Amino acid sequence: MKSTYLVLWSVLCGWTFAQTPRLVLYEEFTGENCPPCASTNPALNALLASPTNTPKVQAIKWQVPIPSAPSNTWSLYKTNQVEIDWRWKSLASGGYGYTPAINSAPSSKIDGREATVFGAASGHPANLNSNVIATAQSYTSAFSVTMNRAWDPSGSAVNLTVNIQASANFNAVGNLVFRTVMIERVIDFSVAPGTNGEKHFEDIAIKSFPTLQSGVAMASNWTIGQTQTFTLNCPIPSYCRKKEEIAFVGFIQDDGNQQVAQCVRADRQALLYDAKAVAARVEPVCSSTLAPLVYIQNNGLNSITNMTLTP
């Protein structure tokens, strides 16, 4: 009988150790016209950026129109409105249909679930702490995922290669989808895009590939060692503020129960060639002969030895 228990214990331990450590996905639903969001986000950003928590959690911030939508067409909500509306709205309103529903800001989901599941007092970001993050991260995953990025030679797109491998058997409740979201790690405006005065933003969702709604389909049932590899070409949207702040967050989500099985990130990467126009002047003003001055800053990794300026 002891031998039987020993064998069973070995099997169970082997199953546990086969699981992969989890990167937690923290989704915040915040708003540019939301006064409590402006007061909550600085502390939230500091918590997520702490060296203790960075290896455990990755955030995606969705700028929802709660209590109202900003009027500026260049606002974070207006430039990515279709995706944001789908992510936070109910099924009846044409959205993803998170349950419980997103009906206030700021609010959150941790791996597609309520923050209270992991020990938070509520889903309000002010109640997120390092213990909640550690608890969520302690649940291992049946998947290991890598995401490698490379700039297109033109610097106008990023090519991603995603490798997924099952480290344990997995049976999805519904459709299993891999979603890829392009974020800007840091955005600083000189003028607030909304009415709450907030000018500094972090981990903002700006575009998804191929689409947020469909993602990349995965098999519903996985066995240990099973793999899937795919590539994505991700053009940079025209409203991106700084290319050097672009990063990517990928996650496996079971749309049957909305739970996220694993998350992965591909962080910022400098471009090889990146000329930033800092300022321009024309001197003298009152003259038939003009001497334009253009100030360029090299943000890239390589030296710029020549360039063409088209006025």
Side-chain angles (χ1 to χ4, degrees), residues 25-38 40-41 44 58-115 123-125 174-175 177-185 187 189 192-196 198-199 201-217 232 234-241 246-260 263:
L25 175 64
Y26 184 80
E27 295 180 90
E28 186 198 17
F29 300 87
T30 178
E32 295 151 283
N33 283 3
C34 164
C37 299
T40 299
N41 283 329
L44 173 65
Q58 175 60 52
I60 296 178
K61 311 286 186 62
W62 305 98
Q63 298 292 325
V64 298
I66 300 175
S68 61
S71 59
N72 290 317
T73 58
W74 50 269
S75 66
L76 299 171
Y77 171 67
K78 287 291 183 68
T79 51
N80 194 25
Q81 180 174 344
V82 173
E83 288 189 354
I84 294 170
D85 280 347
W86 183 81
R87 193 60 174 169
W88 80 271
K89 285 186 174 182
S90 65
L91 282 173
S93 299
Y96 182 63
Y98 258 137
T99 305
I102 307 298
N103 51 29
S104 64
S107 60
S108 68
K109 296 287 183 180
I110 298 180
D111 283 336
R113 307 172 74 183
E114 289 294 279
H124 194 291
N175 292 330
V177 178
F178 188 95
R179 294 189 164 94
T180 304
V181 180
M182 177 188 289
I183 64 172
E184 275 187 79
R185 294 300 305 270
I187 299 174
F189 291 109
T195 60
N196 68 357
E198 198 170 10
K199 299 177 184 178
F201 301 86
E202 298 186 12
D203 299 315
I204 302 301
I206 63 171
K207 188 66 177 174
S208 301
F209 302 92
T211 67
L212 182 64
Q213 293 87 335
S214 64
V216 173
L232 293 171
C234 308
I236 309 303
S238 60
Y239 49 83
C240 171
R241 274 63 41 170
I246 287 177
F248 293 86
V249 182
F251 55 97
I252 299 171
Q253 189 161 32
D254 185 341
D255 286 346
N257 57 17
Q258 303 177 335
Q259 295 183 20
V260 173
C263 178

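Just so we're clear, the structure is a prediction, and the values are computed from it rather than from any experiment. Note that these values count all heavy atoms, side chains included, but never hydrogens, waters or copies made by symmetry.
Annotation: side chain of V216 is not in contact with side chain of F209 (no heavy-atom distance under 4.5 Å). At least one side-chain heavy atom of D111 sits less than 4.5 Å from a side-chain heavy atom of L25. L44 is not listed as a side-chain neighbour of E202, based on a closest heavy-atom distance of 4.5 Å or more. Side-chain contact between P100 and E114 is present, with heavy atoms from C-beta onward closer than 4.5 Å. Side-chain contact check for R241 versus F189: some heavy-atom pair is nearer than 4.5 Å. Counting only heavy atoms from C-beta outward, the side chains of C240 and I246 approach each other to under 4.5 Å.
Put simply, the side chain of D203 never gets that close to the backbone of I60: no donor and acceptor are under 3.5 Å apart. Within the 3.5 Å criterion, the main-chain N or O of S104 finds a donor-acceptor partner in the side chain of S107. With hydrogens and angles ignored, the 3.5 Å screen pairs a side-chain donor or acceptor of Q253 with a backbone N or O of Q258. The closest donor-acceptor contact from the side chain of N196 to the backbone of C34 lies under 3.5 Å. Checking side-chain atoms of Y239 against main-chain N and O of I206 turns up a donor-acceptor pair under 3.5 Å. With hydrogens and angles disregarded, no donor-acceptor distance shorter than 3.5 Å links the side chain of Q58 to the backbone of V249. Judged by distance alone, the side chain of R87 and the main-chain N or O of Y96 form no donor-acceptor pair under 3.5 Å. One N or O on the side chain of R179 and one on the backbone of L212 form a donor-acceptor pair closer than 3.5 Å.
The heavy-atom pair separating G174 from D254 by the smallest distance is N-OD1, 2.9 Å. Across every non-hydrogen atom of A205 and N80, the tightest pair is O-ND2, 3.2 Å. In plain terms, the two heavy atoms of E198 and G31 that are nearest each other are OE1-O, 4.2 Å. Residues S108 and Y26 approach most closely at CB-OH, 3.3 Å, considering heavy atoms. Closest of all the heavy-atom pairs between E28 and P106 is OE2-CB, 3.7 Å. Contact detail for V260 and G112: the closest heavy-atom pair is CG2-N, 3.9 Å.
Ring geometry for F29 versus W62: interplanar angle under 30°, hence parallel rather than tilted (30 to 60°).
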Step-by-step side-chain contact (heavy atoms from CB on, under 4.5 Å) determination, F178 to L232: CA-CA 12 Å; F178 188 95; L232 293 171; 5.8 Å; no
Exercise answer: donor-acceptor pairs, residues 63-72 side-chain atoms, under 3.5 Å, sequence neighbours excluded:
from, atom 1, to, atom 2, distance (Å)
S68, OG, N33, ND2, 3.0
N72, ND2, P193, O, 3.0

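Both the sub-6.0 Å distance and the 45° axial angle are satisfied by K109 relative to the ring of Y98.
Shown here is N175, whose CG atom has no more than 12 heavy atoms of other residues, nucleotides or ligands within 6.0 Å.
Note that CZ of R113 is 4.0 Å distant from CD of Q259, once rounded to the nearest 0.5 Å.
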